[in-house]
Every structure is written in structure tokens, then in C-alpha cells.
Protein chains: 2
Amino acid sequence: MGGDRVTNTDGDTAPGDDASKRPNRRGNRRPTMEDVAARVGVSRALVSVVFRDAPGASPQTRARVLRAAEEIGYRPDVAARTLASSRSRVLGVMLTVHNAFHADLVEAVYTEAELVGYDVLLSAHARTRHTEKAVGALLGHRCEALILLGPETTTDFLGEVVERVPVVSVGPRFPGVHVDTVRTAEGRATRQALDHLGGLGHRDITHLDGGTGAGSAERRRAYRDWMRRRGLADRVRVLPGDHTESSGAEAAHRLLAEGRVPTALFASNDRSAIGFLDAITRAGVRVPEDISLVGFDDIPLARLAHIQLTTVRQDVQGLARAAVRAAIDRLASPDLPPRVSVLEPELVVRGTTAAPRAAGTC
Amino acid sequence: MGGDRVTNTDGDTAPGDDASKRPNRRGNRRPTMEDVAARVGVSRALVSVVFRDAPGASPQTRARVLRAAEEIGYRPDVAARTLASSRSRVLGVMLTVHNAFHADLVEAVYTEAELVGYDVLLSAHARTRHTEKAVGALLGHRCEALILLGPETTTDFLGEVVERVPVVSVGPRFPGVHVDTVRTAEGRATRQALDHLGGLGHRDITHLDGGTGAGSAERRRAYRDWMRRRGLADRVRVLPGDHTESSGAEAAHRLLAEGRVPTALFASNDRSAIGFLDAITRAGVRVPEDISLVGFDDIPLARLAHIQLTTVRQDVQGLARAAVRAAIDRLASPDLPPRVSVLEPELVVRGTTAAPRAAGTC
DNA sequence: GCGCTCTACTAGAGCGCTCTAGTCTGAGCA
DNA sequence: TGCTCAGACTAGAGCGCTCTAGTAGAGCGC
């Protein structure tokens with residue numbers, strides 16, 4: 001309270017020339033609103049108004065403030081802003097860093113979040129870093145809501161998290177927990193893929209499983225249902241797998257070793273499909289002539305000229321948009337019942353599917 | 001200062017039962033240090049001492065504070081902590097979200113950062129989100145230092161950034177800017193790969209370029225030098241590429257179209273090597289019988305049973321450690337001259353390399 | 001002239017922490 | 001008894017913002 005506050009314009013010397021040339025001027029503390037205000041000759045509050053884009057400043061003043069800020073290199077401090085407003089305007093996203101589909105999603109989430117004026121913080125789930133830790137970090141940074149991409153965690157843990165912050169799960173459903181879910185219509189997607197194969201004349205269709213991966217349970221179930229309904233219950237075959245390239249390659253070797261290669265394979269995701277494709281091709285089995293192959297996700301790799309994988313595209317942009325919207329909506333009205341957004345898949349027919357060579361192989 | 005502060009223990013009801021059962025209790029504000037202090041009957045400052053692990057609290061008090069915090073679900077607020085201490089203890093990492101090598105690095109950085117007591121914030125560089133934006137976000141969150149993975153940006157921009165915060169570049173060098181660099185000995189790595197091929201008897205070695213990708217300039221140069229020194233200047237051939245699978249596949253098609261397939265190909269990274277491998281194999285060219293192939297990076301895909309790519313491994317753990325250390329060291333002494341850490345590569349011989357079928361093909 | 005509204009701006013109290021400069025207590029010692 | 005001193009703890013001033021409540025002055029109708 002005693003005396004005026006001294007701003008850091010170091011006497012009257014222009015802060016541009018000498019100072020800015022030398023590295024790491026962290027000796028000079030980073031400029032604050034106070035500095036901008038002093039330079040323009042207005043109050044701190046008015047600078048705040050300008051930076052929040054709030055009404056209450058004349059266009060001229062606005063321009064002067066912005067220019068002064070630019071000149072001294074001012075940039076609002078997120079921490080202070082968060083603390084003061086008790087709103088961080090940050091969305092936390094947990095992803096698996098090795099997942100190409102997540103990469104696509106993250107990119108789309110950035111775009112969507114920007115539209116609604118939110119910043120995005122990423123936290124990775126990795127071999128050495130569990131969901132709990134990744135989520136903890138986001139929580140500490142006061143994310144207003146969390147978007148979890150394909151979370152593999154317990155209902156209990158999620159129950160705790162959701163007491164502090166809205167959570168959107170992209171993929172897995174958590175019945176009984178107050179979590180919004182955004183997902184692709186897995187059943188419909190699977191049927192699209194199988195209808196396509198069936199339409200080409202395939203009856204001997206094997207499924208390459210995705211283990212505990214997001215969506216695999218639904219895909220597996222839908223496969224079984226479809227086969228049964230077509231009277232192909234005896235042809236049902238589910239190969240173990242886990243959404244990685246190597247599990248696809250293993251599946252190929254297993255089929256080759258057994259000498260019982262089906263006319264078509266429906267893989268639980270693109271990565272395993274590509275692993276399968278690679279291994280089976282090397283063994284001299286031609287795709288699609290000898291075996292048709294359908295993946296799931298439509299990751300960038302699937303589109304490559306030399307892969308041309310027929311697959312079911314998930315609506316990445318749509319999933320991202322729905323996830324961000326769900327988070328924002330729940331922020332606005334926390335007491336809505338949990339909502340599930342189901343997005344339409346789209347079959348993308350490329351080069352790995354064709355009619356079987358002879359009807360009724362096996 | 002006008003009466004005691006009222007804490008949020010809502011009368012005397014235990015905060016456990018009813019409240020915690022209903023979703024989104026954001027109506028009750030999140031507990032603060034004040035709440036913990038009130039519950040234990042000590043001052044806020046003492047709770048702070050406990051949570052900072054600072055000396056000055058008796059073991060008994062420490063335990064009581066910790067227990068009380070646990071009971072009411074207290075978790076320190078990063079924003080407030082950052083603001084008060086003007087230290088965020090956060091390292092910002094910029095990565096390209098579609099890059100498998102970056103994924104490996106991020107994982108290692110998490111581990112290393114934890115060892116030195118730092119949190120990690122990720123910000124992605126993507127098609128729709130430039131380096132400038134990704135860095136801006138990290139800056140706003142007050143990261144104490146930035147680690148940029150394979151940054152593709154201008155010296156000017158980096159010059160500005162480095163005035164506010166220490167920057168470590170993993171990969172590219174930025175001469176004239178006060179940036180620490182951590183990188184693999186690209187030249188040595190390239191020579192290892194080429195010595196291996198040369199040792200097997202290859203003379204007709206083509207290079208698949210990496211364009212503007214991290215490290216490609218050095219790899220290209222080292223390739224040219226090596227060939228020249230071996231008197232193979234006339235065999236020098238650099239195919240255009242850009243570190244993606246599709247550029248590898250294109251290169252394969254180009255070679256096939258020209259009918260001039262070398263006995264060996266040294267690719268600028270694993271992704272393009274795998275694209276090449278896939279496309280050339282499909283065309284009936286056998287690897288390694290007809291052509292040997294060496295990649296660069298040793299991404300997880302390279303290890304797969306059906307790929308078995310011979311490649312040069314970058315020391316991911318070492319790069320991550322060096323990057324984190326560089327950041328911490330510079331935080332401690334900002335005026336040190338820029339430092340370059342060069343890590344040793346390691347050739348990993350797998351299944352894609354063998355002696356050429358006949359000496360002197362072409 | 002008066003009251004009224006509207007725009008442009010300011011004062012100052014927090015937000016939830018950290019951290020310096022204390023105070024208070026009891027043990028140790030002459 | 002008085003003194004020092006270490007250990008345990010507290011008071012209170014920030015950190016850089018936001019935001020409510022307020023002021024000053026212009027414009028306007030009557």
C-alpha cells in the first residue's frame with residue numbers, strides 16, 4: 001500500500017535494443033499487465049478488459065493497448081488468469097501416444113476446441129505411465145473437462161474423477177458412471193464391412209480380434225451375430241489379437257501354419273489388418289485374389305497407394321466435435337443425464353477386397 | 001481483517017457420504033489449503049510446508065495434514081502454486097503427433113522429467129497447427145523450459161522464444177540462436193549403415209532422401225561423402241522423399257519403372273524404408289535377396305517379425321535424458337554458451353540386409 | 001436546471017498458493 | 001534465574017490476473 005508500484009521499464013531506456021539481443025533475459029521478469037497499463041497510461045483493469053475481449057473499452061484504447069503489449073512482448077499468464085477467474089478454459093485430453101488414430105483425433109480436437117475458445121492440454125498414457133497418472137496431471141492443471149481417448153481404466157477410478165470434473169470417453173462406455181460417451185456405431189460399422197464381403201460372395205469370413213482395445217468387444221459381438229444370422233455359425237472363427245501390427249502378422253502365420261486360410265478376414269483395426277496384409281503377402285498369398293481383407297479406423301496408412309486397405313472409416317472430425325461439445329454442454333449443465341453420441345461409420349472400399357475365386361472354398 | 005474466513009465444510013456434516021455420491025460436485029468448490037488447515041487446526045503456511053516437503057513441520061503434524069488432505073480430497077492447485085512461486089516445475093514438449101519416433105521420445109521424456117521433479121506438458125504440431133501456435137500454448141502455461149522435437153521453424157522465431165525461456169532442440173541445429181541441441185551423430189550413423197552395406201559387398205547403393213525432415217540433410221551429406229570416398233561417386237543417387245511411408249512406396253515404383261534397381265537402398269528413416277519395403281516386395285522384388293534395405297530410427301514397427309528392418313537405432317532414452325538435463329542445466333545457469341549433445345547411434349542388423357547376389361550389378 | 005442513461009474507465013478485493021520474517025515454546029546451560 | 005537457541009509454527013505480503021462496484025463525464029429529454 002505504501003507508494004506507487006514501480007514498473008519494470010528500467011528507467012526510460014527503450015526495452016527493445018540491447019536487452020532483447022542477449023539470450024535468456026529472464027533477469028528482466030516477464031512483462032505483466034501492469035507494465036502494459038503503465039506504458040499506455042491506463043489502469044490494469046482496462047488492459048484486462050482488452051485482453052478478455054470484454055466490452056468497456058473504446059476502439060482507440062483497445063488498439064493502443066494491443067500495440068503497447070506487442071511492443072513489450074506481453075502475453076497473458078495462464079496461471080494468474082486461471083486463478084483469478086477460476087476458469088482455465090482448458091480441455092484436457094488423454095491419449096495413447098503410440099496410437100495413430102488418437103493422433104488424428106487430437107488434431108481434430110484442437111480445431112474444435114479452438115472454435116469454442118478452449119485451449120487443449122495433452123497428457124499421454126504410455127507403457128510407463130498409467131491412466132491414473134495422466135489424468136492426475138490434467139486435473140492438477142485445472143482442466144475444466146477431460147476427454148479420454150479410448151481409456152482403459154476402472155469404473156471406480158472414473159467415478160472418482162467425474163466427481164471433480166466432467167469426463168467424456170471417446171470409445172469405451174462406462175455404465176453406471178456419470179460420463180458422457182462418444183463413439184462410432186461399432187455394430188453398424190461391422191455389419192457394413194461384413195455386408196460388403198457377403199455381397200462379394202464371401203461366406204468363409206474370419207475375424208481378427210482386438211482384445212481389450214476400444215470397440216473390439218462390440219465388433220466381435222456384431223461379427224458373431226452377423227455370421228449366425230446368415231446361417232454361417234459353423235464358419236465363425238475369431239483369431240486372438242490386440243490392435244497391433246504384430247498381432248496381425250501372427251494371425252497370418254497362424255492361418256498359414258494351419259493351412260486353413262479363409263476367403264476373407266475382417267480385422268478389428270487397421271494396424272492389425274496391415275500387419276496381416278504384410279505377412280500374408282510375403283508368404284505369397286495374394287490380396288485380394290486369394291483373400292479379401294477389411295480393416296477398421298481408416299488411419300492414414302490405410303490410404304497409401306501400396307496398401308489401399310478397404311476399411312471402415314470412423315468419423316474423426318465428428319467424434320472430436322461431439323466430444324468437445326459434450327464437454328462444453330456438461331460444463332454448462334452438470335446435471336444432465338449422461339449422454340451417448342453415436343456416430344455413423346462409413347465403409348471405404350479400396351483394393352483389398354474382391355469376390356472370392358471359387359464359391360464355397362474350404 | 002473482518003472476521004474469520006468460513007471454510008467449506010458445510011456445517012458439521014461429514015463431507016464423505018452424501019456429497020461424494022452425486023456426480024459433478026462442482027457446486028462445492030474444490031478444497032483448498034485453507035480447508036485442510038482448518039480441519040487439522042494449523043495454519044495455511046504449515047500445510048504448505050508439508051505439501052512442499054519443506055523442513056519445519058513435525059512428523060506427527062505432517063501425518064495429520066496428509067491424512068486430512070486425503071480425507072477431503074485436497075490436491076494442490078498448479079496455477080496458484082505457479083503464480084506464487086513463479087516456478088511452474090513444468091517442462092513443455094512440442095511434438096509432431098503423427099510421428100512414432102516422437103512418441104518414443106515423449107515416453108522417455110516423461111520418465112526423465114519425473115526424476116528431476118518436473119511435470120511435462122505436451123503440445124502438438126500438426127497439419128493445422130503450426131510450431132508457433134504449439135509453442136505459444138506452452139509459453140502461456142509458463143513452462144520453465146521447452147523441448148522441441150524435430151522443430152521445423154525459423155531462426156527468427158526461435159530467437160524470440162529463447163529470449164523468454166530456455167529451449168532445447170532435439171534434432172535440428174540452429175546456429176546463431178541460443179538454443180541447446182541434442183542429436184544423434186547423424187554422420188556416424190550414416191557411415192555405420194553404409195559400412196555395413198559396403199562390408200556385405202554392396203557398391204550400388206541408392207539413398208532415399210528425407211527432404212526437410214530432421215537429420216536428413218546430414219544423412220544425405222554423409223551418404224555423398226561416403227560414396228565419394230569409396231570411389232563410388234558415379235553410383236551416387238538420391239531419390240526424393242520426405243520421411244513418410246508413401247514417399248518410400250513412390251521411390252520403389254520409380255525404381256521399378258526405370259528398371260534400374262540398385263543392390264541396396266539406404267533410407268533416411270524407417271517410415272519411408274517400410275513404405276519402400278512394402279511396395280517393392282509386392283512387385284515381386286525380394287528383400288534382402290534382390291535388394292538390401294537399411295532404415296533409420298528403429299521405430300517399434302521396424303522390430304516386427306514380418307518386417308525385421310535393419311536400421312540405425314537412435315538412443316531414445318539417451319536423447320530424452322540429455323534434453324531434460326540440458327533444460328535443467330540451463331535453468332540453473334542461463335548464461336552458459338549453447339551446448340550440443342551428440343549421442344551415439346547403434347546399427348541394428350536384422351533381416352533386410354544381405355550380400356548382393358552378383359557383384360557389380362547394374 | 002434536473003435526473004437519467006450510457007460509455008469509458010478505475011479501485012480494490014480476491015483467486016490459492018509460496019515464502020520471508022517473524023513469534024512462541026521448551027530444552028540446555030551457566 | 002536469566003540467557004541462548006533450535007524447532008515448530010504463524011502472519012501477512014505478494015504472484016498476475018479477474019471482476020464487482022463504483023466514478024466521471026457526455027448526451028438527452030423535459
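Within every chain, numbering begins at 1; the chains are lettered A, B, ... in the order of the sequence lines, protein sequences first and strands thereafter.
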- [ ] Measure from the side-chain heavy atoms of Val42(A) and tell me the nearest of dG16(D), dC17(C), dT10(C).
- [x] dT10(C)

Task: Minimum-distance nucleotide to Ala45(A) side chain [options: dT18(C), dA11(C), dG16(C)] - done: dA11(C)

Open item on the list: Quick check on dG16(C): is either OP1 or OP2 less than 4.0 Å from any side-chain nitrogen or oxygen of Thr32(B)?
Closed with: no

TODO: Heavy atoms only: give me the nearest Ala80(B)-Leu83(A) pair and the separation to one decimal.
DONE: CB-CD1, 3.7 Å

- [ ] Would you indicate, yes or no, if dC19(D) has its OP1 or OP2 atom less than 4.0 angstrom from a side-chain nitrogen or oxygen of Arg52(A)?
- [x] yes

TODO: Report which part of the nucleic acid Val49(A) touches: base, sugar-phosphate, or nothing (heavy-atom distance under 4.0 Å, all strands).
DONE: nothing

Open item on the list: Under 4.0 Å, counting only non-hydrogen atoms across every strand here, what does Arg142(B) touch: a base, just sugar-phosphate, or nothing?
Closed with: sugar-phosphate

- [ ] Kindly point out which of dA8(C), dG12(C), dC19(D) is positioned nearest to the side chain of Ser58(A)?
- [x] dA8(C)

Open item on the list: Under 4.0 Å from OP1 or OP2 of dT18(C): is there any side-chain N or O of Ser85(B) that close?
Closed with: no

Task: Given DNA chain D, 5'-ward residue of the pair Ala57(B) and Ala80(B), judged by closest heavy atom - done: Ala57(B)

TODO: Examine distances only and state if a side-chain atom of His102(B) and a backbone atom of Thr96(B) form a donor-acceptor pair shorter than 3.5 Å.
DONE: yes

Open item on the list: Using modelled atom types and a 3.5 Å cut-off, is there a donor and acceptor pairing between side-chain atoms of Glu144(B) and backbone atoms of Ser88(B)?
Closed with: yes

TODO: Taking only the side-chain nitrogens and oxygens of Thr61(B), find out if one of them lies under 4.0 Å from OP1 or OP2 of dC9(D).
DONE: yes

Task: Complementary nucleotide for dC30(D) - Watson-Crick or wobble, under 3.5 Å - done: dG1(C)

Task: Separation between CZ of Arg44(B) and CD of Glu34(B), rounded to the nearest 0.5 Å - done: 6.0 Å

TODO: Taking only the side-chain heavy atoms of Arg44(B) (C-beta and beyond), determine which of dG16(D), dT10(D), dC17(C) contains the nearest atom.
DONE: dC17(C)

